[in-house]
Amino acid sequence: MTRVGVNGYGTIGKRVADAVAAQPDMMLRGVAKRSPNHEAESAVRRGHDLYAADPERIDEFERVGVPIAGTLPDLLDDIDVVVDCCPAGVGARNRERYASHDVRAVFQGGETPDVADASFTARTSFEQARDVDSVRVVSCNTTGLARLLAPLNETYGVEKARVTLVRRGGDPAQTDRGPINDIVPDPATLPSHHGPDVRTVLPGVDVDTAALKAPVTAMHTHSVNVTLDGTPTADGVRELLEQESRLFLVPEAAGIDGAGALKEYALDCGRPRGDLWENCLWTESISVSGTDLYLFQNVHQEADVVPENVDAIRAMMTDTPAEESITRTNDALGVGLGSRLGEQLTPNGPVTADD
Ligand SMILES: NC(=O)c1ccc[n+]([C@@H]2O[C@H](COP(=O)([O-])OP(=O)(O)OC[C@H]3O[C@@H](n4cnc5c(N)ncnc54)[C@H](OP(=O)(O)O)[C@@H]3O)[C@@H](O)[C@H]2O)c1
């Protein structure tokens with residue numbers, strides 16, 4: 001059993017904690033955060049041992065009646081690996097502390113690549129994470145692009161990928177984010193950092209990205225154009241991508257027309273927090289002109305990196321083969337449920353969570 005702690009219990013941390021707790025070969029020993037707010041209370045309510053990340057703020061937890069099991073150093077003394085889910089930049093400041101407690105660390109995509117020994121997605125970089133002390137799970141957008149481009153590159157060869165990312169302005173709970181009535185180039189300079197970030201996990205792939213921020217919270221949308229070395233057919237690309245367990249090809253018959261309906265579908269299927277761990281590709285958008293492939297995909301920013309964090313732990317801490325780890329993670333979480341339902345969807349066919 002790998003003993004795991006999660007430091008930073010927000011959007012990503014709470015999901016990673018639940019995903020780790022669901023793995024039969026991992027033990028969640030506790031979660032840490034700074035403030036005794038509603039997320040602290042719900043961590044305790046969900047049965048997680050809660051630790052005060054800042055020992056000087058223990059009094060605040062006691063004052064509002066949120067029970068704590070100790071402080072972050074206590075948690076670090078009790079685990080093999082920590083998943084740092086603190087806000088971007090805080091992870092880098094925590095790095096020395098983790099090393100001093102002799103625990104390995106998984107960082108998130110808000111950190112720069114030099115925070116860790118290797119950057120990670122399970123599909124592209126499992127072996128690079130073997131026996132290192134730290135990995136960085138790349139960001140939600142980068143994870144979504146790497147999952148898509150890896151099989152295309154292996155089968156056809158990617159000559160050049162060009163992607164426009166319409167990013168959600170903030171997560172649903174981030175009331176301080178925006179824009180609220182605009183679409184903002186972010187950054188206005190090209191290319192955006194996402195393309196170089198993809199190359200940290202897919203070094204040979206040439207990808208340029210341009211990014212905008214839109215007044216939505218549900219998901220990111222990617223408009224993808226890939227010039228391939230080979231000449232594909234749209235059917236061939238569809239069949240190739242359908243074999244990827246973390247790609248969900250949204251069937252036309254589902255009548256799902258956007259991120260709102262996707263989230264509703266996830267909730268109706270019983271997904272925790274309405275999470276979509278898979279990239280959601282619009283099947284009817286997959287089009288080919290010569291060697292150019294076009295498609296749209298949506299990425300649930302709060303969720304797609306979650307199974308990747310679980311696999312990153314297994315890659316670093318065990319000798320489990322990549323495919324076996326991915327399958328174990330998928331089975332424990334229910335990743336792929338959407339695609340199985342998708343295959344069975346017909347315009348007249350009901351969908352049930354038991355299918
Ligand atoms: N949200 C996304 O869409 C998304 C997607 C992929 C990757 N990421 C990356 O994942 C990381 C976490 O992002 P997030 O969206 O989950 O952030 P978040 O929702 O703001 O959560 C961060 C958590 O860390 C706590 N925290 C802050 N400072 C801390 C410290 N010094 N020690 C311990 N806990 C601390 C925060 O609450 P308290 O201060 O109240 O304790 C909060 O619980 C970032 O690197 C981000 O770039 C985010």
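Indexing begins at 1, ligand by ligand and atom by atom, following the structure's order.
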(message) Run the salt bridge (Lys or Arg N to Asp or Glu O under 4.0 Å) test against D171 and tell me which residues pass, sequence neighbours left out.
(response) R168

(request) Can you sort out the partners of E154 under salt bridge (Lys or Arg N to Asp or Glu O under 4.0 Å), two or more places apart, ordered by chain and number? (result) R123

(request) Tell me yes or no: between the side chains of T327 and N330, is some donor less than 3.5 Å from an acceptor? (result) no

(message) So that I can tick it off, tell me whether R328 and E324 are bridged by a salt bridge, with the cut-off set at under 4.0 angstrom between side-chain N and carboxylate O.
(response) yes

(message) Between D197 and R136 (salt bridge meaning N to carboxylate O under 4.0 Å), is one present in this structure?
(response) yes

Report, one line per pair, each donor and acceptor closer than 3.5 Å where one atom sits in a side chain of residues 224-232; sequence neighbours left out.
{"residue": "N225", "atom": "ND2", "partner": "D292", "partner atom": "OD1", "Å": "3.4"}
{"residue": "N225", "atom": "ND2", "partner": "L293", "partner atom": "O", "Å": "3.3"}
{"residue": "T227", "atom": "OG1", "partner": "R162", "partner atom": "NH1", "Å": "3.2"}
{"residue": "T227", "atom": "OG1", "partner": "D292", "partner atom": "OD1", "Å": "2.6"}

(request) Heavy-atom cut-off of under 4.0 Å around ligand 1: list whichever protein residues fall inside it, by chain and number. (result) N7, G8, Y9, G10, T11, I12, K33, R34, S35, N37, A53, C85, C86, P87, A88, V90, Q108, G110, C140, R168, D171, Q301

